[in-house]
Amino acid sequence: MPTAHGATLYSAAVAADSDAALVHAARGGDQHSFAELVRRHEHRVYGVCRRMLADPREAEECAQDAFVQAWRHLDRFAERAQLTTWLHRIAVNEALQRLRRRRVVEVDLEEHVGVLDLMRRVDDWSTRPDIRAEDAAFRAHLDERLMELPDQLRVAVVLRDVEGLSNQEVADALELSLAAAKARIHRGRMQLRAKLSNWIDDQ
Amino acid sequence: MSPISQIRALPLIGCRRARALLSDHIDGDLGDANHRFLAAHLARCGRCRRILATLTAVIDNLRALPADQAPPGGSLADAVGQRLADNSRSA
């Protein structure tokens, strides 16, 4: 049993290690090293889960699950790969599994609103295409409206536009045809745009 | 709304098709025929031009959202460590 002083020195040494060194140590069963990896990457992993699941508590559980999966499968991690990318992929898969388990029957937007009705509503957006990319307040509002999208649309938009996957990668992740994935991404983007109309008009 | 205003409020022929193509256009994923159609439509439809501009802005801002967020309950390291310890005990 290490002394408190000894544990502090040990933690400081671990914190100074590279990800690769920590992964190497964790593969040997060193949970202190893995805990340091969790601390380094938890904001990114939680961020992915939060945007896909919306609910902060569920996102936190999802992020924990992702790290537990990472621990179990550390031997599958190719050391030449980016650890961030690998953890990101695990987090996306964990979030998708949770979304599938929800078995939420979502209303198909086109059945109830219709594309043209949606278009008319987005036409209410004023002639202000000059949203400044550096506008932090707008981004905060955008983030909130993103959380309001139906699960199936939000996850498509998050994977494509926030996480930067290609259309084909989104289709693969969601187990959809390419055409269906693109349609979902487009509907999500258009619905998000419609949700932002009031904020834009108020400026 | 006056009759003229009502007429002006109607979408132009082709708006529906044009708006369905906007994501592909922004993603650079539009075939030649659709590209020609969309360019011709946007040249005469101010509404669709505005929608394209604002949709582009929304997507640009989505791409700029921060990837990192802090877990509200603090670091996950302790909870994950506890789960790993529990798993190793039950294994």
Side-chain angles (χ1 to χ4, degrees), chain A residues 31-32 34-39 42-48 50-51 56-57 59-60 63-64 67-68 71-72 88 115-116 118-120 122-123 125-135 138-139 142-143 146 157-158 160-164 167 182-183 185-186 189-190 192-193 196-197 200, chain B residues 6 8-30 45-89 91:
Chain A
Q31 292 193 6
H32 291 287
F34 190 72
E36 177 60 22
L37 287 172
V38 173
R39 278 188 283 273
E42 62 190 358
H43 287 199
R44 179 71 192 269
V45 168
Y46 172 77
V48 172
R50 171 82 170 92
R51 287 214 167 82
R57 184 177 298 232
E60 211 164 51
Q64 285 185 27
F67 281 116
V68 170
W71 168 262
R72 286 178 181 157
H88 179 268
V115 172
L116 279 181
L118 176 64
M119 295 307 179
R120 284 192 198 98
V122 298
D123 274 346
W125 197 333
S126 72
T127 55
R128 284 187 48 102
D130 55 337
I131 305 165
R132 291 177 303 138
E134 70 277 20
D135 191 331
F138 176 74
R139 289 223 185 102
L142 173 66
D143 211 359
L146 179 62
V157 171
V158 166
R160 179 72 179 95
D161 292 327
V162 182
E163 303 301 331
N167 286 327
K182 286 170 68 172
I185 292 164
H186 182 61
R189 287 169 168 176
M190 292 296 277
L192 186 58
R193 180 187 175 282
L196 291 161
S197 61
I200 297 294
Chain B
Q6 285 179 340
R8 282 181 180 155
L10 291 172
L12 287 174
I13 293 171
C15 285
R16 181 176 182 154
R17 179 181 167 194
R19 291 171 196 183
L21 297 173
L22 294 180
S23 275
D24 278 347
H25 171 69
I26 291 167
D27 292 340
D29 201 16
L30 213 52
C45 182
R47 283 181 173 186
C48 286
R49 283 199 302 276
R50 285 200 302 277
I51 290 176
L52 174 61
T54 47
L55 187 64
T56 302
V58 167
I59 293 169
D60 285 348
N61 279 275
L62 281 170
R63 288 173 179 163
L65 283 177
D68 291 0
Q69 294 187 58
S75 176
L76 304 174
D78 288 346
V80 171
Q82 187 61 53
R83 286 179 58 177
L84 298 183
D86 292 346
N87 288 347
S88 64
R89 269 195 293 274

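Below, read A as the first sequence line, B as the second, and so on, with proteins coming before strands; counting in each chain starts at 1.
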Novice: Less than 4.5 Å to any heavy atom of chain A: does that hold for the side chain of B/L52, its backbone, both, or neither?
Specialist: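 Contact with chain A is absent: no heavy atom of B/L52 under 4.5 Å.
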
Novice: If every non-hydrogen atom of B/A67 is compared with every non-hydrogen atom of A/R44, which pair is closest and at what distance?
Specialist: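 In this case the closest contact between B/A67 and A/R44 is CB-NE, 3.3 Å.
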
Novice: Indicate the atoms forming the closest heavy-atom contact of B/G81 with A/Q31, along with that distance.
Specialist: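 Between these two residues, the closest heavy atoms are O-OE1, 4.0 Å.
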
Novice: Write down the atom of A/Y46, the atom of B/P72, and the distance for their closest heavy-atom approach.
Specialist: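 Nearest heavy atoms, A/Y46 then B/P72: OH-CD, 3.2 Å.
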
Novice: State plainly whether the residues A/K182 and B/D27 are in salt-bridge range, i.e. N to O under 4.0 Å.
Specialist: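 A salt bridge is absent here (no side-chain N lies under 4.0 Å from a carboxylate O).
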
Novice: Does any N or O in the side chain of A/Q64 come within less than 3.5 Å of the main-chain N or O of B/A79, such that one atom is a donor and the other an acceptor?
Specialist: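 Side chain of A/Q64 to backbone of B/A79, a donor-acceptor pair under 3.5 Å: no, none is there.
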
Novice: A/R72: what forms a side chain to side chain donor-acceptor pair (under 3.5 Å) with it, not counting sequence neighbours?
Specialist: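 Testing A/R72 for side chain to side chain donor-acceptor pair (under 3.5 Å), a comparison that skips the adjacent residues, returns none.
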
Novice: Quick check for you: to the nearest 0.5 Å, what is the distance between A/L196 atom CG and B/T54 atom OG1?
Specialist: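 Rounded to the nearest 0.5 Å, the CG-OG1 separation comes out at 9.5 Å.
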
Novice: Chain A heavy atoms under 4.5 Å from B/R63: which part of the residue, side chain, backbone, both or neither?
Specialist: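 Interface part for B/R63: both.
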
Novice: What are the two closest non-hydrogen atoms of B/Q69 and A/G47, and how far apart are they?
Specialist: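 Reported closest heavy-atom pair: NE2-O, 3.7 Å.
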
Novice: Excluding sequence neighbours, so at least two apart, what forms side chain to side chain contact (heavy atoms under 4.5 Å, CB included) with B/A77?
Specialist: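 Partners of B/A77 by the side chain to side chain contact (heavy atoms under 4.5 Å, CB included) criterion, ordered by chain and then number, come out as A/A35, A/V38, A/R39, B/S75.
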
Novice: As a quick check of understanding, evaluate side-chain contact (heavy atoms from CB on, under 4.5 Å) for A/F34 and B/V80, giving each step before the final call.
Specialist: CA-CA 9 Å; A/F34 190 72; B/V80 171; 4.0 Å; yes

Novice: Report the C-alpha separation of A/R160 and B/I59 in whole Å, then their side-chain angles, then the decisive distance to 0.1 Å, and conclude whether the side-chain contact (heavy atoms from CB on, under 4.5 Å) test is met.
Specialist: CA-CA 10 Å; A/R160 179 72 179 95; B/I59 293 169; over 6 Å; no

Novice: Determine yes or no for a side-chain-to-main-chain donor-acceptor pair under 3.5 angstrom, with A/H186 supplying the side chain and B/D24 the backbone.
Specialist: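 The answer is no, because no donor-acceptor pair under 3.5 Å joins these two groups.
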
Novice: To the closest 0.5 Å, what do you measure between CD1 (A/I185) and CD1 (B/I26)?
Specialist: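 CD1 of B/I26 is found 12.0 Å from CD1 of A/I185.
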
Novice: Relative to chain B, which of A/V45, A/V68, A/V48 shows the most heavy atom pairs under 4.5 Å?
Specialist: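 Ranked by heavy-atom pairs under 4.5 Å with chain B, first place is A/V68.
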
Novice: Nearest heavy-atom pair of B/N61 and A/R139: which atoms, and what distance?
Specialist: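 For B/N61 and A/R139, the tightest heavy-atom pair comes out as OD1-NE, 3.1 Å.
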
Novice: Below 4.5 Å from any heavy atom of chain B, which atoms of A/L146 appear? Answer side chain, backbone, both or neither.
Specialist: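 Interface part for A/L146: side chain.
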
